[in-house]
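Encoded as structure tokens, the structure appears first; notes follow it.
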Amino acid sequence: QVQLVESGGGLVPPGGSLRLSCKVSGRAIKSETMAWFRQTPGKEREFVTANRRRGETTYYADSVKGRFTFSRDDAENAIYLEMNSLKPEDTAIYFCASARRLILSALGLAAQYSYWGRGTQVTVAS
């Protein structure tokens, strides 16, 4: 049984930082495409960042480019999201997701991912 568990969310003031973690069990992530998405009430799940394999290019949504950093530790079977210069519009539930190797054009499509965590709330407010 594959499980993804996010942690690290919380309340942070604008301009602050948070580091999210996603620990995976039941499947080795070494060959998996791993991603972060986020969602706010009433909206579709939004792509944040994805990476197909360690050493390959990581892709980011324009809205987070330069502020968020994806990393993965295949030995720990975990991925991370370092979020800096946070803005109120970054407030959302953040989900990690995994899939068998996806083609580049599919990286931003939530429906292409097979496994999801339950999410962790990030709130950016003063």
Side-chain angles (χ1 to χ4, degrees):
Q1 182 180 354
V2 180
Q3 285 193 316
L4 286 70
V5 180
E6 303 93 339
S7 62
L11 172 63
V12 62
S17 298
L18 278 176
R19 185 176 190 248
L20 306 184
S21 301
C22 171
K23 301 292 180 67
V24 181
S25 60
R27 182 189 288 264
I29 70 168
K30 185 177 181 181
S31 299
E32 297 279 292
T33 295
M34 301 299 300
W36 289 96
F37 284 76
R38 65 188 182 185
Q39 190 170 24
T40 53
K43 291 192 175 180
E44 301 258 330
R45 206 160 283 195
E46 176 192 20
F47 171 76
V48 176
T49 180
N51 172 268
R52 296 200 300 176
R53 194 164 189 159
R54 185 171 176 267
E56 291 194 15
T57 301
T58 297
Y59 297 88
Y60 296 91
D62 288 343
S63 58
V64 306
K65 208 171 288 183
R67 300 187 298 121
F68 290 12
T69 302
F70 173 102
S71 62
R72 63 191 296 158
D73 186 334
D74 291 346
E76 292 294 322
N77 228 41
I79 64 170
Y80 306 93
L81 184 65
E82 186 76 35
M83 305 186 295
N84 297 312
S85 302
L86 282 161
K87 305 175 181 180
E89 51 263 43
D90 295 318
T91 296
I93 300 174
Y94 283 72
F95 300 88
C96 63
S98 71
R100 288 291 188 197
R101 187 171 175 86
L102 297 180
I103 58 175
L104 292 180
S105 59
L107 289 182
L109 302 176
Q112 296 296 316
Y113 290 81
S114 304
Y115 300 102
W116 292 84
R118 291 189 173 185
T120 184
Q121 176 71 48
V122 171
T123 302
V124 184
S126 40

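Residue indices begin at 1 and follow the sequence shown.
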Inset, instruction - Kindly compute the distance separating SG (Cys22) from CD (Glu6), expressed to the nearest 0.5 Å. - result: 5.0 Å
Inset, instruction - Return yes if some donor-acceptor pair links the side-chain N/O of Gln3 with the main-chain N/O of Ser25 below 3.5 Å, else return no. - result: no
Inset, instruction - Run the numbers on Ile79 and Ser71 for side-chain contact (heavy atoms from CB on, under 4.5 Å), then give the verdict. - result: CA-CA 6 Å; Ile79 64 170; Ser71 62; over 6 Å; no
Legend entry - ILVMFWY cluster, Leu102 and Leu104 together (side-chain gap under 4.5 Å): yes
Inset, instruction - Examine Leu18 and Ile93 and state if one hydrophobic cluster contains both, with Ile, Leu, Val, Met, Phe, Trp and Tyr joined whenever side-chain heavy atoms are less than 4.5 Å apart. - result: no
Legend entry - Check against side-chain contact (heavy atoms from CB on, under 4.5 Å), Ser63 and Glu46: CA-CA 11 Å; Ser63 58; Glu46 176 192 20; 4.0 Å; yes
Legend entry - 4.5 Å side-chain heavy-atom contact, Phe37 and Tyr113: yes
Legend entry - Shortest non-hydrogen contact from Trp36 toward Phe70: CD1-CD1, 3.7 Å
Inset, instruction - Using atom types as modelled and distance alone, determine if a side-chain donor or acceptor of Ser21 lies under 3.5 Å from a backbone N or O of Ser7. - result: no
Legend entry - Distance-minimising heavy-atom pair for Lys30 and Arg53: O-CG, 3.7 Å
Legend entry - Residues that Tyr115 engages under side chain to side chain donor-acceptor pair (under 3.5 Å), provided they are two or more places apart: Arg27
Legend entry - Set of residues satisfying side chain to side chain donor-acceptor pair (under 3.5 Å) with respect to Arg101, sequence neighbours excluded: Glu56
Inset, instruction - Show your working on side-chain contact (heavy atoms from CB on, under 4.5 Å) between Glu82 and Phe68 and close with a plain yes or no. - result: CA-CA 5 Å; Glu82 186 76 35; Phe68 290 12; over 6 Å; no
Legend entry - hydrophobic_cluster_shared for Val124 and Tyr60, side chain cutoff 4.5 Å: yes
Inset, instruction - Apply the test side-chain contact (heavy atoms from CB on, under 4.5 Å) to residues Leu107 and Leu109: give CA-CA distance (whole Å), side-chain angles for both, the deciding distance (0.1 Å), then the verdict. - result: CA-CA 6 Å; Leu107 289 182; Leu109 302 176; over 6 Å; no
Inset, instruction - For the pair Glu32 and Arg100, find out whether any cationic side-chain nitrogen is under 4.0 Å from an anionic carboxylate oxygen. - result: yes
Inset, instruction - Decide, yes or no, whether a salt bridge links Arg38 with Asp90 under the criterion of side-chain N to carboxylate O below 4.0 Å. - result: yes
Inset, instruction - Would you check if the side chain of Arg118 reaches a backbone N or O of Val5 as a donor-acceptor pair within less than 3.5 Å? - result: no
Inset, instruction - Examine Leu86 and Leu20 and state if one hydrophobic cluster contains both, with Ile, Leu, Val, Met, Phe, Trp and Tyr joined whenever side-chain heavy atoms are less than 4.5 Å apart. - result: yes
Inset, instruction - Look only at the side chain of Thr120 and the backbone of Gly9, and say whether a donor-acceptor pair between them is shorter than 3.5 Å. - result: yes
Inset, instruction - Report whether Phe95 and Val48 are members of the same hydrophobic cluster (ILVMFWY, side-chain heavy atoms less than 4.5 Å apart, transitive linking). - result: no
Legend entry - Heavy-atom pair of closest approach, residues Thr91 and Gln121: CG2-NE2, 4.0 Å
Inset, instruction - Answer yes or no: are there more than 12 heavy-atom neighbours, outside Lys65 itself, under 6.0 Å from its atom NZ? - result: yes
Inset, instruction - Please examine the side chains of Ser114 and Ser98, heavy atoms only from C-beta on, and report whether any two atoms are closer than 4.5 Å. - result: no
Inset, instruction - Indicate yes or no: at least one non-hydrogen side-chain atom of Tyr94 is less than 4.5 angstrom from one of Gln39. - result: no
Inset, instruction - Considering non-hydrogen atoms only, spot the tightest contact between Arg45 and Trp116 and give its length. - result: NH1-CE3, 3.2 Å
Legend entry - Heavy-atom side-chain proximity of Leu4 to Lys23 below 4.5 angstrom: no
Legend entry - Interatomic spacing from CG in Asn51 to CE in Met34 - rounded to 0.5 Å: 9.5 Å
Legend entry - Exercise: identify the closest heavy-atom pair between Ala28 and Asn77: CA-OD1, 3.5 Å
Inset, instruction - Would you name the heavy atoms of Ala92 and Thr40 that are closest together and state the gap between them? - result: CB-CG2, 3.7 Å
Inset, instruction - Using atom types as modelled and distance alone, determine if a side-chain donor or acceptor of Gln112 lies under 3.5 Å from a backbone N or O of Ala99. - result: no
Inset, instruction - Count the heavy atoms of every other residue, nucleotide or ligand shown that sit under 6.0 Å from CD of Glu44, and state whether that count exceeds 12. - result: no
